[in-house]
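So that the names make sense, note that chain A is the first sequence line, chain B the second, and so on, each numbered from 1.
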2 protein chains.
Amino acid sequence: MSGKTQHRVFEFVRDRILSGSVPTVREVQRAMGFRAVQSAQEHLDALVAEGLLEKTPRISRGYRLPEHHSSAFMIPLLGRVQAGGLEDAVEDPEGYIAVDGHPSRSRLFALKVRGESMKNAAILPDDIVIVRQQSSAEHGDIVVALIDDQATVKRLKVTRDTGGSIRVELHPENPDFSPIIPVADLHILGKVIEVRRQYEASVFYDSDVS
Amino acid sequence: MSGKTQHRVFEFVRDRILSGSVPTVREVQRAMGFRAVQSAQEHLDALVAEGLLEKTPRISRGYRLPEHHSSAFMIPLLGRVQAGGLEDAVEDPEGYIAVDGHPSRSRLFALKVRGESMKNAAILPDDIVIVRQQSSAEHGDIVVALIDDQATVKRLKVTRDTGGSIRVELHPENPDFSPIIPVADLHILGKVIEVRRQYEASVFYDSDVS
DNA sequence: GAAAATACCAGACAAATGTCTGGTAGTCAA
DNA sequence: TTGACTACCAGACATTTGTCTGGTATTTTC
């Protein structure tokens with residue numbers, strides 16, 4: 001980054017892109033207080049030349065952050081996921097959350113965990129799991145599956161019984177719950193690739209305190 | 001959502017917005033195969049009227065997803081935090097991660113957890129904690145404190161002993177570890193407000209499998 | 001000191017873009 | 001049949017926006 005103004009331009013553009021609205025050249029101009037469009041344009045060109053920004057020529061708001069600098073984007077936080085799969089649920093998300101560092105941009109969604117069945121895998125109620133959409137998974141993956149018309153988070157186990165036939169089970173990570181052996185078809189919605197838990201609003205209670 | 005075409009328009013626009021590039025009216029037109037701009041415009045107007053989209057009039061690519069007011073931004077992921085506090089560590093972050101929904105933009109940083117001392121609080125080694133910088137905290141908060149020139153994540157407990165004097169302890173959430181009762185000054189770096197764990201790269205091993 | 005580089009400004013033009021008016025064809029209910 | 005409604009089309013216009021040419025100071029480099 002050459003100069004100080006350059007840096008300010010970059011910060012402005014990066015913040016705008018991260019917040020979801022790419023600025024126009026003239027918006028950069030105004031934000032920096034330039035009286036000429038060209039001043040902003042030149043800084044932007046310089047940033048592109050330095051590899052800090054990327055752009056698509058001639059299309060409005062065509063600036064992007066190179067992959068390694070952000071890859072941040074928003075994915076839907078779904079409410080109820082029930083029979084019928086994701087299509088309906090994606091229709092009506094509870095909100096959106098920012099993720100980064102994941103390649104499969106479009107096939108991600110987030111879900112709030114219900115119940116304590118994955119407690120021993122350090123996944124608690126109200127945690128948010130980020131899920132990559134896929135219809136199959138491997139042994140050991142934590143997956144979101146549709147059981148009894150309800151989305152549930154479980155560990156997938158694929159074993160081979162004495163007869164040599166393959167056996168698929170969904171294991172909770174909590175001794176109080178029993179494994180689920182799907183009789184019919186197992187509908188896997190996706191694989192959990194990240195877990196998040198926010199403490200901010202939560203209230204901690206400790207009986208030791210008077 | 002009125003009709004089927006409406007639905008396709010919404011899906012197209014939503015996917016484009018989530019992937020970071022808001023489409024223009026004419027891009028919607030072309031994607032849908034309309035021969036008139038107005039056809040796309042009307043569908044977009046309808047979606048706005050239904051509350052599925054929001055827009056800023058007269059500005060290009062001015063469509064947004066509702067409740068998308070979440071301003072995502074990047075915070076530094078720190079490497080070693082040692083004596084001397086945060087200042088030095090923030091200088092040289094290992095990288096940046098995207099967060100959203102938190103108000104205190106500038107006073108956030110992220111840290112990778114080492115050790116299993118918070119296992120029973122569902123915080124595992126290599127988890128990433130997002131920390132709000134503050135020098136004091138309340139009973140029950142999970143905090144990052146500087147112990148022996150090393151940043152550590154613990155539960156803060158403030159109790160009152162029989163004499164009535166206040167007693168501050170840092171509790172691990174793992175029976176294999178002992179509580180820390182700081183003799184001298186306790187240097188709190190901040191409060192943990194979020195925990196994240198990524199599974200993507202991790203390898204799950206289960207001895208049941210041949 | 002001259003040449004090059006930096007950092008900005010003024011003004012313009014063509015394309016992209018949001019928006020408008022006024023159509024047609026089909027469906028559905030009264 | 002009529003009228004309302006939906007879904008689309010044709011064409012146009014005013015801004016917005018990316019891009020360009022040509023300028024002026026100031027600083028840096030040789």
Rounded distance (Å) that lies between atom C1' of D:dG18 and atom CZ of A:R64: 15 Å
Which residue pairs satisfy the ring pair (Phe, Tyr, Trp, His ring centres under 6.0 Å) criterion with at least one member in residues 14-48 of chain A, sequence neighbours excluded? A:F34-A:H43
Output the single nucleotide from C:dC8, D:dT19, C:dG18 whose closest atom is nearest the side chain of B:S60. C:dG18
For DNA chain D, which residues of residues 28-38 of chain B approach it to below 4.0 angstrom with any heavy atom? B:F34, B:R35, B:A36, B:Q38
D:dT17 P sits how many Å from A:Q41 CD, rounded? 13 Å
Once you round it to whole Å, what is the distance between C1' of C:dA7 and CD of A:Q6? 10 Å
With a 4.0 Å cutoff (strictly under), does any side-chain N or O of A:T5 reach OP1 or OP2 of C:dC8? yes
In whole Å, what is the span from the CG atom of A:L53 to the P atom of D:dG18? 13 Å
Which part of the nucleic acid, if any, lies within reach of B:T24 when heavy atoms closer than 4.0 Å are counted: base, sugar-phosphate only, or nothing? sugar-phosphate
Once salt bridge (charged side-chain N to carboxylate O under 4.0 Å, His left out) is applied, what residue pairs with a partner in residues 17-28 of chain A remain, sequence neighbours excluded? A:R16-A:E27, A:E27-A:R61
Closer to the 5' end of DNA chain D via nearest nucleotide, is it B:R26 or A:D45? B:R26
How long is the gap from CG on A:L78 to OH on A:Y96, to the nearest 0.5 Å? 9.0 Å
Taking only side-chain N and O atoms of B:K55, does any of them lie within less than 4.0 angstrom of OP1 or OP2 on C:dT19? yes
Value rounded to 0.5 Å, distance of OG1 in A:T152 from CD1 in A:I147: 7.0 Å
For the pair made of CG in B:L44 and P in C:dT17, what is the distance, rounded to whole Å? 14 Å
Only counting residues at least two apart or in another chain, list the ones meeting salt bridge (charged side-chain N to carboxylate O under 4.0 Å, His left out) with A:R167. A:E169
Once you round it to whole Å, what is the distance between P of C:dG23 and CD of B:E42? 15 Å
Counting only side-chain nitrogens and oxygens, does A:R58 get under 4.0 Å of the OP1 or OP2 atom of D:dT17? no
Name the atoms and distances for all side-chain donor-acceptor pairs under 3.5 Å in residues 115-123 of chain B, with sequence neighbours left out.
residue	atom	partner	partner atom	Å
B:S117	OG	B:K154	NZ	3.0

So the salt bridge (charged side-chain N to carboxylate O under 4.0 Å, His left out) pairs with at least one residue in residues 30-46 of chain B (sequence neighbours excluded) are none
By nearest atom, which of the nucleotides D:dT19, C:dC8, D:dC8 is closest to the B:S39 side chain? D:dC8
Any side-chain N or O of A:H43 under 4.0 Å from OP1/OP2 of C:dT6? no
Can you tell which of C:dG18, D:dC8, D:dT19 lies closest to the side chain of A:P57? D:dT19
